[in-house]
Amino acid sequence: QPSAATAASPAAAAAQATDNVLANEEAVWDALRRKDWDAFAAFVADDQIEVGPSGVHDKAATLGLVKRFDFSNVKINELRAMGVGAGDEAKLVTYVVIGTAPDKTPIHERAATIWALRDGRWRAVFHQSTPVRDTGP
């Protein structure tokens, strides 16, 4: 159960109220940077799937992974959204993740999140991140 302070956070409010998936994606990353795990979890569907370099993860595993990382030096840009399928009940958001890990390793990834409208609330149901590799000239 989130605390009253967490429930009132901007990220938690956005998870409950907005149909703008770009704003939701920004709020997710804001919650990660602030280490507001309850707000982050409020955006994620219970049956969410995440695909990344370390494997395929459910919501519980995703929460465990994000709690072990410092997102304070990570930003997102080049956000784009498009509808997925018929109707307006699912949207794909793509973007670029850039920053520096705590060990000073550069971060440069392409990411995608599928948002679905469920019971009147937008939730992240799928997320994938792929490191960008320098392929040279």
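These numbers come from a predicted model, not from an experiment.
Heavy atoms only, all atoms of each residue included: Pro131 and Glu109 are closest at CA-CG, 3.9 Å. Taking all atoms of both residues into account, the shortest heavy-atom contact from Leu32 to Phe40 is CD2-CD1, 3.5 Å.
Taking the side-chain hydrogen bond (donor to acceptor under 3.5 Å, both in side chains) definition, one finds that Ser72 meets it with Asp70, sequence neighbours left out. Residues passing the salt bridge (Lys or Arg N to Asp or Glu O under 4.0 Å) test with Arg118, sequence neighbours excluded: Asp47. Take Asp103 and apply the side-chain hydrogen bond (donor to acceptor under 3.5 Å, both in side chains) test, not counting sequence neighbours, and it matches Thr105.
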Per-pair distances, 0.1 Å, donor-acceptor, side chain in residues 77-101, under 3.5 Å, sequence neighbours excluded:
unit_1	atom_1	unit_2	atom_2	d
Tyr95	OH	Glu25	OE2	2.9
Tyr95	OH	Trp29	NE1	3.1

N/O donor to acceptor pairs below 3.5 angstrom from side-chain atoms of residues 49-63, sequence neighbours left out:
unit_1	atom_1	unit_2	atom_2	d
Glu50	OE1	Thr62	OG1	3.1
Ser54	OG	His57	NE2	2.9
Asp58	OD1	Ala60	N	3.3
Asp58	OD1	Ala61	N	2.9
Lys59	NZ	Ala41	O	3.2
Lys59	NZ	Val44	O	3.0
Lys59	NZ	Asp46	OD1	3.3
Thr62	OG1	Gln48	OE1	3.4
Thr62	OG1	Asp58	O	3.0

Please lay out, stage by stage, how Phe69 and Val74 fare under the test side chain to side chain contact (heavy atoms under 4.5 Å, CB included). CA-CA 11 Å; Phe69 191 81; Val74 178; 4.1 Å; yes

Would you sort out whether Asp30 and Arg34 count as a side chain to side chain contact (heavy atoms under 4.5 Å, CB included), showing the intermediate values? CA-CA 6 Å; Asp30 181 56; Arg34 291 182 293 108; 3.0 Å; yes

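The existence of a salt bridge linking Arg121 and Asp119 is excluded, since no basic side-chain nitrogen approaches an acidic carboxylate oxygen closer than 4.0 Å.
The same ILVMFWY cluster, assembled from side-chain heavy atoms under 4.5 Å apart, contains both Leu22 and Phe43. Both Val66 and Val28 belong to a common hydrophobic cluster when Ile, Leu, Val, Met, Phe, Trp and Tyr are linked at side-chain heavy-atom distances under 4.5 angstrom.
Formation of a donor-acceptor pair under 3.5 Å by the Arg110 side chain with backbone atoms of Gln128 is not found in this model.
In this structure the side chain of Ile107 never reaches within 4.5 angstrom of the side chain of Phe71, judged on heavy atoms.
Within the model, atoms CZ of Phe126 and CH2 of Trp115 stand 14.0 Å from one another, a figure rounded to the nearest 0.5 Å.
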